[in-house]
Asks: 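Provided herewith is a single structure, encoded as structure tokens, for subsequent inquiry.
In what follows, chains carry the letters A, B, and so on, assigned in the order in which the sequence lines appear, proteins first and then strands, with residues in each chain numbered from 1.
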Number of protein chains: 2
Amino acid sequence: MAVDCIIFGFDQEELKILLIKRDFDPERGRWSLMGGFLQNQETLDEAAIRVLTKLTGIRNIYMEQLPAFSKYDRDPVERTISVPYYALINIMEHSEELIEEYSAKWFSLRNFPQLIFDHNAMVEKAIKRLRSRASTMPIGFELLPEKFTMRQLRKLYEAIWDENLDKRNFTNKVNAMDILVKLEEKEMETSKKGSYLFTFDKNKYDIKINEGFQFKL
Amino acid sequence: MAVDCIIFGFDQEELKILLIKRDFDPERGRWSLMGGFLQNQETLDEAAIRVLTKLTGIRNIYMEQLPAFSKYDRDPVERTISVPYYALINIMEHSEELIEEYSAKWFSLRNFPQLIFDHNAMVEKAIKRLRSRASTMPIGFELLPEKFTMRQLRKLYEAIWDENLDKRNFTNKVNAMDILVKLEEKEMETSKKGSYLFTFDKNKYDIKINEGFQFKL
DNA sequence: AAAGTTTGGTGTGACAACTACACTTAAAAA
DNA sequence: TTTTTAAGTGTAGTTGTCACACCAAACTTT
């Protein structure tokens with residue numbers, strides 16, 4: 001039993017995945033998802049957390065289990081059933097050292113290499129799941145820094161769904177949900193005028209959920 | 001590695017699950033889900049199909065995998081990771097003989113016994129998944145006979161979501177999707193006037209899906 | 001044969017949500 | 001001072017959703 005992690009990040013207005021270059025057999029030298037075998041007394045979730053932290057150095061990563069891949073010859077060495085997890089991280093927080101240690105690299109989702117075994121299929125499934133989850137759960141914020149602009153948020157959703165979104169409608173929808181806090185602070189990098197920063201108010205969100213609110217984008 | 005099946009049926013305007021009374025150890029005599037161990041060269045899906053057919057006698061059962069249960073001591077005998085599958089069957093088609101062979105019984109979802117291990121949690125997860133799937137995919141028909149009345153369809157969704165639905169709005173919504181065929185035939189059991197029978201037009205549905213249609217109830 | 005009972009079948013108006021769409025503002029750069 | 005760039009904002013038209021009530025058909029009862 002193994003777990004494999006599809007690690008998503010968001011940078012340069014693009015979705016990225018973190019892949020490792022294998023320096024071990026089989027398939028040494030090829031690109032693959034970061035994975036690991038299930039250990040004694042460990043749940044699958046725990047194994048995934050272990051693998052994720054090992055590669056990124058981050059704790060408390062958002063992740064979700066996907067359906068298992070179980071074809072008996074999917075791994076040529078020995079029968080391995082792999083449970084994929086997709087994970088969302090703030091790409092700025094990962095540890096450069098660890099990434100180097102594992103010869104890992106961020107790839108744009110639009111253009112990444114062929115992976116070993118059935119890992120490409122796992123990535124496909126992960127994207128699909130991410131797309132549908134992002135519509136109904138506030139998981140997008142996991143991919144952004146603590147403070148973010150409306151533009152970043154919109155570009156993120158455009159990247160996830162691979163479609164353009166109307167600026168005003170998007171802002172209106174997000175504001176209508178009333179789960180963000182608009183800060184005094186402005187971000188001055190991407191424009192001369194500067195744009196206000198927001199944070200996700202998890203507390204307020206939880207309260208609203210209890211009152212029957214439903215996230216929807 | 002094992003699979004466990006949450007088998008749903010619909011009868012008497014109620015959702016039911018099919019449970020077996022174990023005549024083997026451990027937990028002999030208690031109620032549980034029907035399950036089985038993964039065999040050589042078999043995928044998890046194939047294992048689930050095998051288990052489902054063994055108990056119901058039906059082939060081509062709709063089923064979907066749920067996240068694995070992997071606590072290391074969930075099974076007291078030996079470490080077993082179990083992948084639950086929920087399945088939807090037309091309750092009229094199951095084989096009475098097989099059910100007897102396995103001392104299986106249909107229970108109302110509103111009132112079924114404590115199950116072994118973590119099986120109750122599996123049922124919980126299955127219900128949740130069924131509820132959300134039923135909103136966006138035409139899987140309800142799997143629980144009904146080939147020909148069904150509007151009332152049956154509505155009562156089914158009322159049972160799945162555990163809420164009352166307005167008769168006219170439901171009919172309007174379903175008709176607006178235009179994926180059912182209204183037959184000449186009437187069903188005369190439940191009313192004096194008789195009510196028209198419908199079938200799900202899978203073909204038409206597939207065509208509409210390709211054109212961008214999205215099932216929604 | 002008339003009245004009663006039961007379930008089937010149908011339409012509309014009010015309200016909410018969604019979509020398309022364009023100009024002004026702030027600040028830095030030229 | 002002008003130009004450039006992205007930020008920020010509102011509305012009208014349309015579509016979808018929801019609440020809601022009566023007549024029809026056929027059998028049962030008296």
Asks: Atom NZ of Lys182(A) and atom P of dA7(D): how far apart are they, to the nearest Å?
Replies: 13 Å
Asks: Expressed as a whole number of angstroms, how long is the span from Phe170(A):CZ to dC18(C):C1'?
Replies: 15 Å
Asks: Side chain of Lys167(B): nearest nucleotide among dT19(C), dG8(C), dT9(D)?
Replies: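 Of dT19(C), dG8(C), dT9(D), dG8(C) is nearest to the side chain of Lys167(B).
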Asks: Verify the contact: side-chain N or O of Arg151(A) to OP1 or OP2 of dA7(D), cut-off strictly under 4.0 Å; return yes or no.
Replies: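 Result: yes.
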Asks: Salt-bridge test for Arg154(A) and Glu158(A): reply yes if a basic N is under 4.0 Å from a carboxylate O, no otherwise.
Replies: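 Yes, Arg154(A) and Glu158(A) are salt-bridged.
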Asks: Quick one: does NZ or CZ of Lys186(B) land under 6.0 Å from the six-membered ring centre of Tyr196(B), within 45 degrees of the ring axis?
Replies: yes
Asks: Distance check needed: dT17(D) C1' versus Glu163(B) CD, whole Å only.
Replies: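 Result: 14 Å.
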Asks: Does Phe112(B) have its ring centroid less than 6.0 Å away from the ring centroid of Phe107(B)?
Replies: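 No, they do not, as the ring centres are separated by 6.0 Å or more.
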Asks: Kindly say whether Arg50(B) contributes a backbone atom to a donor-acceptor pair with the side chain of Thr53(B) at under 3.5 angstrom?
Replies: no
Asks: When you check the gap from the basic side-chain N to the acidic O, do Lys208(A) and Glu211(A) get nearer than 4.0 Å?
Replies: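 Result for this pair is no, no salt bridge flagged.
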Asks: Measure CG/Asn169(A) against P/dT9(D) and give the value in whole Å, please.
Replies: 15 Å
Asks: Going by distance alone, is a donor N or O of one side chain under 3.5 Å from an acceptor N or O of the other, for Tyr86(B) and Glu64(B)?
Replies: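 A pair is found: one side chain offers a donor N or O, the other an acceptor, under 3.5 Å apart.
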Asks: Would you find a donor on one side and an acceptor on the other, under 3.5 Å apart, between the side chain of Gln152(A) and the backbone of Thr149(A)?
Replies: yes
Asks: In residues 185-194 of chain B, what residues come within less than 4.0 Å of DNA chain D, judged by heavy atoms?
Replies: Lys192(B), Lys193(B)
Asks: Rounded to the Å, how far apart are Lys155(A) NZ and dA6(D) C1'?
Replies: 11 Å
Asks: Which residue, Asn172(A) or Arg168(B), contacts DNA chain C at a nucleotide closer to its 5' end, judged by nearest heavy atom?
Replies: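 Counting from the 5' end, the first nearest nucleotide belongs to Arg168(B).
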Asks: How close or far is atom P of dT15(D) from atom CD of Gln214(B), stated in whole angstroms?
Replies: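 In whole Å, dT15(D) P and Gln214(B) CD are 19 Å from each other.
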Asks: Strictly by modelled atom types, are Tyr102(A) and Asp23(A) linked by a side-chain donor-acceptor pair under 3.5 Å?
Replies: no
Asks: Which whole-number value in Å describes the distance from Tyr196(A) OH to dT25(C) P?
Replies: 15 Å
Asks: If we fit an axis to the first five pairs and another to the last five of the helix from dA1(C)-dT30(D) to dA30(C)-dT1(D), what angle do they make, to the nearest 10°?
Replies: 10°
Asks: How long is the line joining CG of Asn164(B) and C1' of dC18(D), in whole Å?
Replies: 15 Å
Asks: Mapping Thr149(B) and Asp166(B) to their closest nucleotides on DNA chain C, which lands nearer the 5' end?
Replies: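 Comparing both residues, the 5'-ward one is Thr149(B).
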Asks: So with a 6.0 Å cut-off around CD of Glu101(A), is the heavy-atom count from everything else above 12?
Replies: yes
